[in-house]
Amino acid sequence: MRHRKSGRKLGRNPNHQRTLLRSLVIGLLLTEREIDAADLRPGDPKPPKYPGRIITTLEKAKEVRPLVEKCVTLAKKAQKHLDAARALETDAARDSAAWKSWRESEKWQAWNKAIAPALAFRRRALQIIGSKEAVEILFDQIGPRYAERNGGYTRILRLAKPRLGDAGTRAILEFVGKNDRTKSGSIIPSME
């Protein structure tokens with residue numbers, strides 16, 4: 001019996017479930033990275049047609065959504081600490097005389113106190129996600145984008161066509177604000 005057991009099993013053991021959810025979060029975050037077409041080599045994956053969007057089954061999307069929301073909340077909470085630390089940091093080159101004098105001053109102590117909570121949030125996100133590249137994208141691009149938003153960072157859109165093979169219900173998991181409808185009534189870009 002599964003009394004008081006939350007979440008779906010998704011046909012996997014618990015370790016595989018966690019790995020699957022992490023992979024989906026990493027996949028969603030990595031669609032946000034900026035890839036220059038000139039840097040692509042043969043065999044490299046193409047950049048996504050619509051950044052900030054993945055297609056998966058409806059059940060997986062419903063399971064991964066709270067995890068993505070939690071990670072974005074961590075990045076959003078870190079923004080005020082990062083802004084405070086930016087105001088206190090020096091623009092001198094590392095290991096220069098000016099940088100060394102800043103490092104010995106009380107300004108460095110204040111900067112260190114200001115950056116510490118942001119570093120803790122980043123480490124917590126790394127513990128949840130497990131990918132440094134995805135955490136970097138989360139804190140540098142996605143966190144500032146949703147600084148003024150109180151939750152609801154993602155949406156799930158059910159697709160009409162079922163998956164070939166097992167007829168599983170497919171869904172789009174995407175970040176809100178990237179592919180929104182406009183007031184003129186235009187629709188969300190198609191998947192074709």
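The shown structure was predicted, so the numbers you read here are calculated from the model rather than taken from an experiment.
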Review item, side-chain donor-acceptor pairs of residues 164-173, under 3.5 Å, at least two apart:
unit_1: Asp166; atom_1: OD1; unit_2: Arg163; atom_2: NE; d: 3.0
unit_1: Asp166; atom_1: OD1; unit_2: Arg163; atom_2: NH2; d: 3.4
unit_1: Asp166; atom_1: OD1; unit_2: Gly168; atom_2: N; d: 3.1
unit_1: Asp166; atom_1: OD2; unit_2: Arg163; atom_2: NH2; d: 2.6
unit_1: Arg170; atom_1: NE; unit_2: Lys161; atom_2: O; d: 3.2

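Under the side-chain contact (heavy atoms from CB on, under 4.5 Å) criterion, Lys62 pairs with Arg8, Leu58, Ile156, not counting sequence neighbours. With sequence neighbours excluded, the residues forming a side-chain contact (heavy atoms from CB on, under 4.5 Å) with Gln17 are Lys9, Arg12, listed by chain and number. Applying the side chain to side chain donor-acceptor pair (under 3.5 Å) criterion to Arg123, with sequence neighbours excluded, gives no partner residue. In this structure, Arg103 has no salt bridge (Lys or Arg N to Asp or Glu O under 4.0 Å) partners at least two apart in sequence or on a different chain. Judged as a side chain to side chain donor-acceptor pair (under 3.5 Å), and not counting sequence neighbours, the contacts of Thr154 are Arg65, Glu69. A search for side chain to side chain donor-acceptor pair (under 3.5 Å) contacts involving Glu133 returns Arg33, not counting sequence neighbours. Under the ring pair (Phe, Tyr, Trp, His ring centres under 6.0 Å) criterion, Phe139 pairs with no residue, sequence neighbours left out. Qualifying salt bridge (Lys or Arg N to Asp or Glu O under 4.0 Å) partners for Glu59, counting only residues two or more places apart in sequence or in other chains: none. Contacts of Asn15 classified as side chain to side chain donor-acceptor pair (under 3.5 Å), with partners at least two apart in sequence or in another chain: Arg18.
Remark: side-chain polar atoms of Glu32 are not paired, donor with acceptor, to backbone N or O of Leu28 under 3.5 angstrom.
Its side chain within the 4.5 Å cluster rule, Trp102 clusters with Leu82, Leu88, Trp99, Trp108, Trp111, Ile115 among the Ile, Leu, Val, Met, Phe, Trp and Tyr residues.
Using a cut-off of 4.0 Å between Lys/Arg side-chain N and Asp/Glu carboxylate O, Asp83 and Arg86 are scored as salt-bridged.
Looking only at side-chain heavy atoms (C-beta outward), Tyr153 and Ile142 stay at 4.5 Å or farther from each other. Annotation: side chain of Val176 is in contact with side chain of Arg149 (closest heavy-atom distance under 4.5 Å). Counting heavy atoms from C-beta on, the side chains of Leu126 and Lys132 come closer than 4.5 Å.
For the side chain to side chain donor-acceptor pair (under 3.5 Å) condition, no pair includes a residue of residues 19-28, sequence neighbours left out.
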